[in-house]
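Just below is one structure, and these are the notes that go with it.
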Protein chains: 2
Amino acid sequence: MATIKDVAKRAGVAVSTASYALNGIQKVSPATVEKVQKAAIELNYQKNGFASDLKRTKTNTIALILSDLSGPYYSELIKGVQEVTSANGYDLIACSSIGGELSTATKFLKEKRVDGAIILAHNISDDLIKKSARKDFPIVVLDREIDSEFVLEVQVDNIQGGYVATEHLINKGHRNIAYVSGPYNSHDNEKRFHGYKSAMLDHGVSYQSRLKISGDFTRESGYRATKMLIAQQNLPDAVFYANDEMAIGGLQAFSERNIRIPEDISVVGFDDIQLSEYVAPPLTTIRQPKYEAGALSVHLIFQLLAGEKAERHYSLSTELVERKSVKN
Amino acid sequence: MATIKDVAKRAGVAVSTASYALNGIQKVSPATVEKVQKAAIELNYQKNGFASDLKRTKTNTIALILSDLSGPYYSELIKGVQEVTSANGYDLIACSSIGGELSTATKFLKEKRVDGAIILAHNISDDLIKKSARKDFPIVVLDREIDSEFVLEVQVDNIQGGYVATEHLINKGHRNIAYVSGPYNSHDNEKRFHGYKSAMLDHGVSYQSRLKISGDFTRESGYRATKMLIAQQNLPDAVFYANDEMAIGGLQAFSERNIRIPEDISVVGFDDIQLSEYVAPPLTTIRQPKYEAGALSVHLIFQLLAGEKAERHYSLSTELVERKSVKN
DNA sequence: CTGTTAGCGCCTTCAC
DNA sequence: GTGAAGGCGCTAACAG
């Protein structure tokens, strides 16, 4: 592997001159630049990224940290992040936090292998995030609240989403509305639940704790929760699932028992994942502005990197997507 | 930012000793190790990853290069790669090749910011791959053939897949079978088509070029191609779409014209994407061993990195998934 | 077991 | 406009 030294030698100049020439710094004569470039090509020279980063203490790349790279859910989010990142001439790498403390994500955070990070990964601790963030290493969190000067929060308004979903059900004449929850440690779940309860309250519908069934955001758990609901005999008028995956699991459970959606019972989900449009019946759900969340997050990172100030908290609103799983 | 020097000073030892202690090299007394660790914690020391990589000329991370990080298609593949990578104590980063020559992917390849790469991205040139690969930087390509000592090819047996799909249609009594193709520059498409033709030939079914309709792997193109097919009046008995996305577009076109699947016409796709199970009717298709492809690829990288020899070409076989889009 | 020291490859003052 | 030299933070001989 040729180094800049080799190039300099071959071009018959000093290393510094070669460096200037290669980096387009207006300090060398055109003739010299050409000589250097020629030598570089002849030697198939490629700069060593690490050495360069080490020296400049800047990587020009930002990381997107996800708990699971393979989740189809992130598609839109990634797109938003990617577009803005490259529009600003930065590089983006995605890394997974699987493995917790030993994960690639943790390593990149701790060792500052990037200039900033966007995090949507439960299994990265608040503590690590707080410790890692600093002026020249801003972090945006998408799934939690962290009180630190260099950590910004971009959130989807889950309370409003939960409220709208529930209100829709109420407006369609439903009163007895069950809530299938996400895991207890999920912020998102808590807020959706909060919205659900508020809507009930505001419309004079009474909430009883038996209406809350616990799930964990997986399809399987939605299936199980629904089975349980069915087994308990007295079925509610409608079910609000804290996410689409669980709703799809629920749909399956209902269909196995020949309970028709929406004739016998109405269903609404949350997220608007791609599948929701295709299941039978197509799922009425709450769309999250994922692309926007991604794009905004990177924007903020660049803002902080540029030394500008920014609000610490952002809330993006959701939108009801009406399809066919709610009785009219 | 504290450096190892600061730690050493605070612990009252030499830098090398601190380095050994921090890296768990059996050369320092337990007492010293403790002293050093204490100092490190007090100073909130974090090693600088670049400096470390620079010195070791090894990053312990491999890159997965995809043309579009946001494609849901890759889910399984990524999982395979991820699991094997972390099982070997390596880190994985995913990066996109959007932007071609200027992309993050290109930069990582050129600057050797990782120890090896797995590539599934049309817009990275063969030339760049050939130039980048070397003994200590093995590359696995998933979507093409490249003749170079340090580039390995892992492929799905598309010919066999195309053959099996077509044969299935023939076995079910179809004779007049259309093929909706992917883009012309796609290796995968070409092989699937090849399989299709072989199966026809082997079963004494004649192929005419009018049976081949061109598409480009997008849902939209499947929709358009199907519209065209319908407009031409004399509908075939069955359509083999070169991928599921197009088949799903086709399903929609048929449904708009009230052409029933599979009563009026049979359909088979290719890929077995998640959606295929949920569309109406559920799509009969060819499953690709994506997880296996990912896992195998990383395995091979590690093998080469360890200096072992490996076959240069691998072919993984596909499998027919029978659902409801083919008439019995 | 511990300390000294020489780079890894590059960038960047500072003199000339 | 060009060259010499120092150092980014870390590791790994080598000596003691």
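Protein chains get the first letters and strands the later ones, always in sequence-line order, with residue 1 at the start of each. Quick caveat: nothing in here was measured; it's all calculated off a predicted structure.
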For this session: May I have the distance from A:Asp53 (atom CG) to D:dC10 (atom P), rounded to whole angstrom?
Result: 15 Å
Under 3.5 Å, sequence neighbours excluded: what are the donor-acceptor pairs made by side chains of residues 290-302 of chain B?
unit_1   : atom_1 : unit_2   : atom_2 : d
B:Lys290 : NZ     : B:Asp271 : O      : 3.4
B:Tyr291 : OH     : B:Glu83  : OE1    : 2.4
B:Ser297 : OG     : B:Ala293 : O      : 2.7

Problem set entry | Euclidean distance, atom NZ of residue A:Lys58 to atom C1' of D:dC8 [Å, nearest integer] | 16 Å
Exercise. Pick the nucleotide of DNA chain D nearest each of B:Asn23 and A:Ala51; which residue has the one closer to the 5' end?
Worked result: A:Ala51
For this session: Would you please confirm or rule out a distance under 4.0 Å between OP1 or OP2 of D:dG3 and any side-chain N or O of A:Thr17?
Result: yes
Exercise. Atom CD of B:Glu111 and atom C1' of C:dG9: how far apart are they, to the nearest Å?
Worked result: 12 Å
Exercise. From the list C:dC10, C:dT4, D:dC10, which nucleotide is the closest neighbour of the side chain of B:Ile4?
Worked result: D:dC10
For this session: State whether B:Asn48 places a side-chain N or O below 4.0 Å from either non-bridging phosphate oxygen (OP1 or OP2) of D:dC8.
Result: no
Seminar exercise, completed: From the candidates C:dG3, D:dA4, D:dC10, the one with an atom nearest any side-chain atom of B:Ala14 is C:dG3
For this session: Could you work out which one of C:dT2, D:dA12, D:dT2 sits closest to the side chain of A:Lys27?
Result: D:dT2
Exercise. Minimum heavy-atom separation for B:Lys107 to B:Arg113, with atom names?
Worked result: CE-NE, 3.7 Å
Problem set entry | D:dA12 phosphate, OP1 or OP2, under 4.0 Å from B:Ser16 side-chain N/O | no
For this session: Could you tell me whether A:Val15 contacts a base, only the sugar-phosphate backbone, or nothing, with contacts defined as non-hydrogen atoms closer than 4.0 Å?
Result: nothing
Exercise. So, is A:Thr32 close to the D:dT2 phosphate, meaning a side-chain N or O under 4.0 Å from OP1 or OP2?
Worked result: yes
Exercise. Do other residues, nucleotides or ligands put more than 12 heavy atoms under 6.0 Å from the NZ atom of A:Lys58?
Worked result: yes
For this session: Round to a whole Å and report the spacing from CG of A:Leu54 to P of C:dT12.
Result: 12 Å
Exercise. Would you say A:Thr57 reaches D:dC8's phosphate, i.e. side-chain N/O to OP1/OP2 under 4.0 Å?
Worked result: no
For this session: Check every strand shown and say whether B:Phe50 touches a base, only sugar-phosphate, or nothing at a heavy-atom separation below 4.0 Å.
Result: nothing
Exercise. Looking just at side-chain N and O atoms, do A:Asp216 and A:Thr218 make a donor-acceptor pair shorter than 3.5 Å?
Worked result: yes
Exercise. Within the structure shown, what part of the strands sits under 4.0 Å from B:Ser52 by heavy-atom distance: base, sugar-phosphate, or nothing?
Worked result: sugar-phosphate
Seminar exercise, completed: Atom CG of A:Leu43 and atom C1' of C:dC10 are separated, to the nearest Å, by 16 Å
For this session: Give the nucleotide from the list D:dT11, C:dC11, D:dG3 with an atom nearest to the side chain of B:Ser19.
Result: D:dT11
Seminar exercise, completed: B:Lys35 atom NZ is separated from C:dG3 atom P, nearest whole Å, by 7 Å
Problem set entry | Sugar-phosphate, base or nothing in reach of B:Thr3, heavy atoms under 4.0 Å | sugar-phosphate
For this session: Determine: side-chain N/O of B:Tyr45 to OP1/OP2 of D:dC10, distance under 4.0 Å, yes or no.
Result: yes
Problem set entry | Along DNA chain C (nearest heavy atom to each residue), the more 5'-positioned of B:Ser29 and A:Arg56 | B:Ser29
